[in-house]
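Some notes on the structure that comes next.
What you see below is based on every heavy atom in this structure, not just the backbone, and it leaves out hydrogens, waters and symmetry mates.
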Amino acid sequence: MKKTLPPDSLVEILGRHFLLGRSTAHLPGRHGIIHGKEYRAALSRIPAKAGPEKRAERGRLLRMLGEPALAAVELDAAIAAAPGLAAAYAWRWELRAGAGPAPSADLE
C-alpha cells in the first residue's frame with residue numbers, strides 16, 4: 001500500500017522552495033543546462049560594478065552554468081569585500097565540494 005503525504009507536508013513545502021529530487025535534473029551541471037536561459041538572463045541583469053551580494057549571486061550563477069573558475073573569482077571577491085556574507089561562503093563551499101577527485105571544500 002502506497003502512502004501519500006498530506007498536501008502541506010514538510011517535504012512538499014520544502015520542495016516548493018528547494019530542489020529536492022532524486023533526478024540528475026537537480027544536480028548543478030544538469031540543472032544549469034535545463035535552466036541555462038534563465039540563469040544567463042539573470043547574469044546579464046547583474047551590473048559590472050556590483051556589490052558583494054550581487055558578486056556572490058553572479059558566482060553562483062556562473063557555477064550553475066558550468067564556469068567554475070569564473071565562479072570562484074566572483075565568490076572570492078565577494079568574500080574579500082564582505083567577510084560576513086554567509087551566502088558567498090556557502091556557495092564557495094558548494095563549488096569546492098564538487099570540484100574534481102580531490103575536493104577542497106572549506107568552512108573558513
Worksheet item: If you group Ile, Leu, Val, Met, Phe, Trp and Tyr by side-chain heavy-atom gaps below 4.5 Å, do Val73 and Leu95 land in one group?
Response: no
Worksheet entry | salt bridge (Lys or Arg N to Asp or Glu O under 4.0 Å) contacts touching residues 40-54 (sequence neighbours left out) | Lys54-Glu57
Practice prompt. Compare every heavy atom of Ala56 with every heavy atom of Leu75, then report the nearest pair and how far apart it is.
Written response: CD2-O, 3.5 Å
Response to the item:
Interatomic distance, CZ@Arg60 vs OH@Tyr39, rounded to 0.5 Å, equals 7.0 Å
Worksheet item: Which distance, rounded to the nearest 0.5 Å, do you find between the NE2 of His35 and the CE of Met64?
Response: 8.0 Å
Worksheet item: Looking at Leu61 and Leu43, what are the two nearest heavy atoms and their distance?
Response: CD1-N, 3.8 Å
Taking distance alone, no hydrogens or angles, what donor-acceptor pairs closer than 3.5 Å link side-chain atoms of residues 77-84 to residues at least two apart or in another chain?
none

Worksheet item: Does Leu70 belong to the same Ile/Leu/Val/Met/Phe/Trp/Tyr cluster as Leu65, with side-chain heavy atoms less than 4.5 Å apart forming each link?
Response: yes
Worksheet item: With sequence neighbours left out, which residue pairs that include part of residues 73-85 fulfil the side chain to side chain donor-acceptor pair (under 3.5 Å) condition?
Response: Arg55-Glu74, Arg58-Glu74, Asp76-Arg92
